[in-house]
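Both backbone and side-chain heavy atoms feed into the values below; hydrogens, waters and symmetry mates do not. In the text below, chain A, chain B and the rest are named by the order of the sequence lines, each starting its count at 1.
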2 protein chains.
Amino acid sequence: MSKTSSETDWREDRRRSAREAILDAAWDLVHEGGLAALTLRELAGRAGVTTPTLYAYFDSKHAIYDAMFGRAATEFAERIAEPYEPSDSSALLVSHAHRFVEFCTSDVARYQLLFQRTIPDFEPSAESYAPAVRTLEAAREYLGRNGITEPRHVDLWTALLNGLVDQQVANDPGGDRWTRLIEEAVTMFVAHCRSAPPDRPPRSKSPNKGDQR
Amino acid sequence: MSKTSSETDWREDRRRSAREAILDAAWDLVHEGGLAALTLRELAGRAGVTTPTLYAYFDSKHAIYDAMFGRAATEFAERIAEPYEPSDSSALLVSHAHRFVEFCTSDVARYQLLFQRTIPDFEPSAESYAPAVRTLEAAREYLGRNGITEPRHVDLWTALLNGLVDQQVANDPGGDRWTRLIEEAVTMFVAHCRSAPPDRPPRSKSPNKGDQR
DNA sequence: GTCTATAGCTGGATAGAC
DNA sequence: GTCTATCCAGCTATAGAC
């Protein structure tokens, strides 16, 4: 090799920080105009470079979305992993739910990029996606401490939280019409799981089959 | 007037059916490639006309989306308004939930157009939107028959159903991983509302304030 | 109402000099 | 790595003949 390792580190650090600066500008842009407002021309202008320069740091526009996804997923994982104040398992679950919902509603564009599939033909790479899946394990952990281990209950949990977030961002952006229901929703959910039989969902009578196409 | 009324009806009928044929083609296109795949060139090709002809029937691309929205909203209202088999109020609510979720999951593009805001700068007109709001009144009606009248419970209900739909279409399209939880979700919800005090959500202890930014 | 032809714009991506 | 200049594709929408 013709370079010392410190020279290599220097250059790689500069390259990394230039990439991060571009991503900063990308997020600014997206926060103002939504995910679809990201264009390479506008991004280059904000980052103080020209379009071809962007291709020195990213292979394509999708690669930029992927890097943005990776940053969002890391933020998500870090926020969820922050320590909780000591409390009983039920209050812990409420805190966890608050964090999840607050994380999602505090940045709608980030939420859409992470959890909805709104960009045509974009799929996050496995590396970018990894932190997000690790975080789902955390949810299972907190549910488990409440004695909730049934897979269908985990699914019901994700549906409940996701529904609150979705209604909040779609119908009352910036407000708290649905986020203020979190505690009640968790109470409802926990009470149900504690009373439900472990194997089958409770059914008092057969459902209206005629309506289930 | 120089035309008889029957001549006028004739022409208006022809015009209406031509519009409907274009909308049929638009829905075919969208079902195959998603909402964003609608382009006027492709639409014209499928409808057997050329691009300028589309402008003889619609003022703009957004006007086409609006007409599609109107049709979807009407389908939604009609499906929800179909009579239910006689049953008790609880089973009625389950049937209602099944219909809502099945309607949404059976046509993802239609669901996205109706309930998510994924098309840039598109807002449905008041006329197109009207059937959808009327249908929300139906949900309140069925909840009311179960003694559920609190506004916050109505919000919790919409979040719960919307969450099931969202998880289903996002993470298990074509499957039933979340739709099969409908009955259990309704049971949980109804039991909670019956036991909850009418004015305030139940809280055994104060929440972890440190986590509520 | 329907066509041919095209305007006018915006987008992602690249060639090649420096 | 960064620039100037440009290509090429896609889109909505319109002008004007028939």
Looking at [Y] and [X], is there a salt bridge between them, counting it only when a charged N and a carboxylate O are closer than 4.0 Å?
| X | Y | answer |
| --- | --- | --- |
| R71(B) | D24(B) | yes |
| R145(A) | E141(A) | yes |
| E137(A) | R140(A) | yes |

List the steps, then state whether side-chain contact (heavy atoms from CB on, under 4.5 Å) holds for V101(A) with W178(A). CA-CA 10 Å; V101(A) 174; W178(A) 277 271; over 6 Å; no

Within this structure, what is the [atom1]-to-[atom2] distance between [X] and [N], rounded to whole angstrom?
| X | N | atom1 | atom2 | value |
| --- | --- | --- | --- | --- |
| I22(A) | dG1(D) | CD1 | P | 10 Å |
| E42(A) | dG11(C) | CD | P | 9 Å |
| D59(B) | dA13(D) | CG | P | 10 Å |
| Y57(A) | dG1(D) | OH | C1' | 6 Å |
| F122(A) | dG12(C) | CZ | C1' | 17 Å |
| L35(A) | dG11(C) | CG | P | 16 Å |
| L54(B) | dA13(D) | CG | C1' | 11 Å |
| F58(A) | dT14(C) | CZ | P | 16 Å |

Looking only at dC3(D), dT14(D), dG1(C), the nucleotide nearest the A56(B) side chain is dG1(C)

When every non-hydrogen atom of A72(B) is compared with those of W27(B), the smallest separation belongs to CB-CZ2, 4.2 Å

So does R11(B) get a side-chain nitrogen or oxygen closer than 4.0 Å to the phosphate oxygens (OP1/OP2) of dG1(C)?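 So the side chain of R11(B) is outside the cut-off, no N or O lying under 4.0 Å from OP1 or OP2 of dG1(C).
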
For a quick test of reading the model: is some side-chain N or O of T50(B) closer than 4.0 Å to OP1 or OP2 of dC3(C)? yes

Please assess F115(B) against V165(B) for the test side-chain contact (heavy atoms from CB on, under 4.5 Å), listing each intermediate value before the final yes or no. CA-CA 11 Å; F115(B) 297 106; V165(B) 171; over 6 Å; no

Mind checking R15(B) for me? I need base, sugar-phosphate or nothing, with any heavy atom below 4.0 Å counting as a touch. sugar-phosphate

Taking only nitrogen or oxygen atoms into account, show me every contact under 3.5 Å that the protein makes with nucleotides 9-12 of chain D, one pair per line with its distance.
{"from": "dC11(D)", "atom 1": "N4", "to": "R41(B)", "atom 2": "NH2", "distance (Å)": "2.9"}
{"from": "dT12(D)", "atom 1": "OP1", "to": "K61(B)", "atom 2": "NZ", "distance (Å)": "2.8"}
{"from": "dT12(D)", "atom 1": "OP2", "to": "L40(B)", "atom 2": "N", "distance (Å)": "2.9"}

Identify, with sequence neighbours excluded, every residue that meets salt bridge (charged side-chain N to carboxylate O under 4.0 Å, His left out) alongside E42(A).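 Here the qualifying residues are R46(A).
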
